[in-house]
Amino acid sequence: MLKPHVYHPHTTTKTLASPLHKPFSHGTALAFLPFNACSSLGKTAKPFKARVVPNKIKAAVDVNLTDDGILTDYTVKGVITVKQTVGGFLSNLGLSRGIDDIQDLLGKSILLELVSLELDPKTGQEKETIKAYAHRVKQKGDDVTYEAEFKVGQDFGEIGAVVVENEHHKEMFLVEIVLDGLTDPITISCNSWVNSKFDNPQKRVFFPPKSYLPSQTPSGLKRMRKEELQALRGNGVGERKSFERIYDYDVYNDLGDPDSDLKKKRPVLGGNKQFPYPRRCRTGRPRCESDPESETKSNMFYVPRDECFSEVKQLTFSAKTVYSVFHAVVPALQTAIVDKDLGFPHFTAIDQLFNEGVDLPPQEGNNMWREILPRLLKAISDSDNALRFEIPETMERDKLFWFRDEEFARQTLSGINPYALQLVTEWPLKSKLDPAIYGPPESVITKEMVEQQIRGFCSLEEALEQKKLFVLDYHDLLLPYVKKVRQLPGTTLYGSRTLFFLNPDETLRPLAIELTRPPMDGKPQWKEAYRPSWHSSGVWLWRLAKAHVLAHDSGYHQLISHWLRTHCCTEPYIIATNRQLSEMHPIYRLLHPHFRYTMEINALARAYLINADGIIETSFSPGKYSMEICSVAYDLLWRFDHEALPADLISRGMAVEDPDAPHGLRLTIKDYPFANDGLVLWDILKEWVSDYVNHYYPEASLVESDEELQAWWTEIRTVGHGDKKDEPWWPVLKTPQDLIQIVTTITWVTSGHHASVNFGQYTYAGYFPSRPTIARKNMPTEEATERDWEFFMNKPEVLLLLCFPSQIQATTVMAILDVLSNHSPDEEYLGEKSELAWAKDPVIQAAFEKLNGRLMELEGIIDERNANKDLRNRNGAGIVPYEFLKPFSEPGVTGKGVPYSISI
């Protein structure tokens, strides 16, 4: 795949600058075409024509000789393929469209220039480019073909790049440029937007995809390589325009909207000690009048042009569906369900979401809803507009799965948030918060409570020694926000701890839930422990406490395990990679597939999910404080070195290093499906990265002397994650092994980590009582009035339903989760298809084939594990097999498949 550039002509030399962003569809060029390749022909040789027809692309090179055999010049014919797009230049009508048609008829649609790989040996400067206009010749389906013809002099040398100028008045999506060689063609894969010269006079440059370390750059491309990166960085001022391809950093100061409503003012995340946070892509929008620290809202969230995924027809499935859910479905639900606080009157009303559905108001266009949500709309008739949800697989297998304590415990190891469970190493459980503010730190879960339930297995001391006690601990993270959240309407909050015991069969047993309210409103600290019970009152109190913990776990999963640790923390990696690593750099080529579409989906999240009054704030327990809590978690919990899976497991006490164990780790819980499968995938990724890095960096000195690589890692640490730049745990980058660990960590986060927390969301949370996103009622034992207690005693089920999300909250989140759990038809799965740039190098292609083979083996390993009756956390009556880390998948909501990137 190529990283385009922008070309600036000078009077005597050709300077290449301000590039286009590197495209997402990945192609390669074959070998550079040496134009002096015929110099060995004998003097009696006749002029000849060599014609090659690769992949239905017809191009030719005419080689001309004088009568005495001296090479004169060449006629090079090339083919340019442009994709017809939604909203692109080919589908636009009006005056400019007519002018563009005339340009096509005149044969002046696209101006191309060939750039030599070599400097002029006489002047030491870049050689003059060779220009030709491309003219339109045909259209087949969405592909429009243009052809150009070049006259190439004998001293031109090898082609190093092609400069492109779009003569139309509208941007075009350039797919590829093919130039024919005497033996093999040069195929330059562009897959990039080229704006009109009338919008931006800077020309674009595309390179054949041969990788070079900075020190190995051909002399004719050195200036181009540096100016390309300078152009991608921009100057840090002004508002970004939609056609630009500039990568720069900014803080999260665009989540609020105070100019529309002062209640929508939100604190700036990042760049301050109170709320540290990773950086996002800079948009440069004006500041708000009512809050100069915040950016104004606009209809356009700037994303560098080739990071967008919404225009090319075959690449719009996920993007259009996500956008449509935010823009059409959510407002329609709000119209259909007038009372935003209205809960479900009984559990059968929840079941009706999957049978009768929610009647949506009519929309313009006969099939509008079916086009937006074809999976969710199972229409009875053409006139039916009922939003009927698909039954999640968990519900299909066991309608009461969500009710069972063993399933509640199993999901900490096999569900969509396997990143939170920790080993208990000290007793009693104790808070680290200031007791002067938050009350006594000791937990009310006592030794006696624990031993009553594990009697017959071991004592508390033995359980600690044998590593059999585990905890979901959201106490210290949430407790400081309890008072603030309780001032919001329609929600409540506690600090919580949930204690589990490891049974002899490697399953977990929940022992106790502790809920805590800090001193507030003149009242002392309140906290209580709830346990599984065999009495009706205790059973219902346990169910209510479990609903609160599940709401906490849902928030932690969405805000921290998912958004923060994958989407949010990856954006600085993407920005730094584009700013500091040339497209020619081998590490750029290794990382680029892992960044596909991430910035665009993050921009959608800022616009609709994590913004003020967005989906998260209106549907999750912390409300308007959700992103503040996310910032606190970044400050307290996030470390780059712990984002590597082995280090994450060790940090939570879920594994210890053991050189004799598989993967060098011994798991604390042997049947831990996420860790079992994840460690195999981690090893596969690390082997692939090792083969790749060692090929380009056979000596440690090459890593230290690589100025682009060092600038890249420095910028990630000091700018992209600048609020943590002084932390001692940042890895150094001096050796190939350092680079392997860093790159493996980044690729794991974008692939395995994200897949494990994303694509099972509808499976486990589509039936929302399984994972409610909000708890709306306090526990009836917390200073309840006599009337409250009487209501609980008479109608405990109604109280649980009132605690669950409202109808609008539940249906909105269900629609969102269905879309987010979906694989689009154009999904690119880890190791499924080789980047053609990798295929160019036999060593890298061999390493890729090994990667693909091992991933296919992992598919079989996971199938075998799921069939093993001894692995009870992934096999049993009504249990959904654990497939989140199976590498490949068909489109749709499948609960499996590991894409390269965070693309949804």
Side-chain angles (χ1 to χ4, degrees), residues 405-406 408-415 417-432 441-443 445-447 449-451 453-454 457-478 495-514 529 549 552-553 556-557 560-561 565 633 636-639 641-658 660-679 682 729 753 756-757 871-874:
D405 287 348
E406 59 269 30
F408 167 56
R410 191 188 71 86
Q411 287 189 30
T412 64
L413 304 173
S414 308
N417 189 28
Y419 279 95
L421 193 68
Q422 304 173 58
L423 177 69
V424 175
T425 57
E426 296 179 352
W427 195 267
L429 300 174
K430 195 173 183 179
S431 171
K432 296 179 181 179
E442 293 81 11
S443 170
I445 301 176
T446 64
K447 174 181 178 179
M449 289 182 185
V450 173
E451 290 188 339
Q453 298 183 77
I454 66 173
F457 293 105
C458 57
S459 66
L460 173 66
E461 291 76 16
E462 289 169 334
L464 289 168
E465 182 181 351
Q466 296 171 20
K467 297 184 178 180
K468 291 186 177 295
L469 291 180
F470 298 85
V471 65
L472 280 181
D473 193 347
Y474 302 133
H475 184 278
D476 287 7
L477 180 65
L478 298 181
S496 71
R497 296 186 183 99
T498 307
L499 188 67
F500 299 89
F501 175 74
L502 183 65
N503 293 315
D505 64 358
E506 294 290 307
T507 60
L508 288 174
R509 173 191 303 192
L511 299 179
I513 292 172
E514 178 183 21
V549 168
H552 301 166
D553 192 62
Y556 186 93
H557 161 257
I560 297 160
S561 300
R565 293 183 63 178
L636 296 176
L637 305 175
W638 189 86
R639 296 176 48 154
D641 57 333
H642 285 181
E643 294 306 289
L645 177 59
D648 169 80
L649 294 169
I650 292 169
S651 71
R652 293 187 285 119
M654 304 303 290
V656 293
E657 293 188 41
D658 183 349
D660 298 325
H663 321 293
L665 291 182
R666 186 174 71 253
L667 292 177
T668 311
I669 301 176
K670 296 186 182 72
D671 184 13
Y672 187 177
F674 159 71
N676 294 131
D677 298 353
L679 287 170
W682 170 269
W729 40 253
H753 182 149
S756 68
V757 299
L871 301 179
R872 300 194 174 196
N873 290 319
R874 61 197 307 160

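We're numbering straight along the sequence, starting at 1. Quick caveat: nothing in here was measured; it's all calculated off a predicted structure. Note that these values count all heavy atoms, side chains included, but never hydrogens, waters or copies made by symmetry.
Counting only heavy atoms from C-beta outward, the side chains of Glu643 and Asp648 never approach each other to under 4.5 Å. Counting only heavy atoms from C-beta outward, the side chains of Glu657 and Leu665 approach each other to under 4.5 Å. Taking the side chain as every heavy atom from C-beta outward, Pro673 and Ser414 approach each other to under 4.5 Å. Contact of the Asp553 side chain with the Phe408 side chain is not registered, since no non-hydrogen atoms from C-beta on lie closer than 4.5 Å. Using a 4.5 Å cut-off on side-chain heavy atoms (C-beta onward), Ile445 and Val450 make contact. Two residues are said to be in side-chain contact when any heavy atoms from C-beta on lie closer than 4.5 Å; Arg497 and Leu472 fail this criterion. Val471 is not listed as a side-chain neighbour of Thr498, based on a closest heavy-atom distance of 4.5 Å or more. Leu429 has its side chain within reach of Val424: a pair of non-hydrogen atoms, C-beta onward, lies under 4.5 Å apart.
A salt bridge is defined here as a Lys NZ or Arg NE, NH1 or NH2 lying under 4.0 Å from an Asp or Glu carboxylate O, and Arg874 with Asp677 meets this definition. Salt-bridge check for Lys447 with Glu461: passed, with a basic side-chain N closer than 4.0 Å to an acidic carboxylate O. Under 4.0 Å is where a charged nitrogen must lie from a carboxylate oxygen, and between Arg872 and Asp505 at least one such pair does.
If you look at Phe501 and Phe470, their ring centroids are not closer than 6.0 Å. Within the 6.0 Å centre-distance limit, the rings of Tyr419 and His753 are counted as a close aromatic pair.
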**Report entry** From CA spacing to verdict: side chain to side chain donor-acceptor pair (under 3.5 Å), Ser431, Asp476
**Finding:** CA-CA 6 Å; Ser431 171; Asp476 287 7; 2.8 Å; yes
Requested in this report: Could you walk me through whether Glu506 and Ile669 pass the side-chain contact (heavy atoms from CB on, under 4.5 Å) test, one step at a time?
Outcome: CA-CA 6 Å; Glu506 294 290 307; Ile669 301 176; 3.5 Å; yes
Requested in this report: Would you check, one step at a time, whether the test side-chain contact (heavy atoms from CB on, under 4.5 Å) holds for Ser459 with Glu451?
Outcome: CA-CA 6 Å; Ser459 66; Glu451 290 188 339; 3.6 Å; yes
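In this structure, the side chain of Glu514 does not engage the main chain of Ala529 through any donor-acceptor pair within 3.5 Å. Between the side chain of Thr668 and the main chain of Gly653, a donor-acceptor pair closer than 3.5 Å is present.
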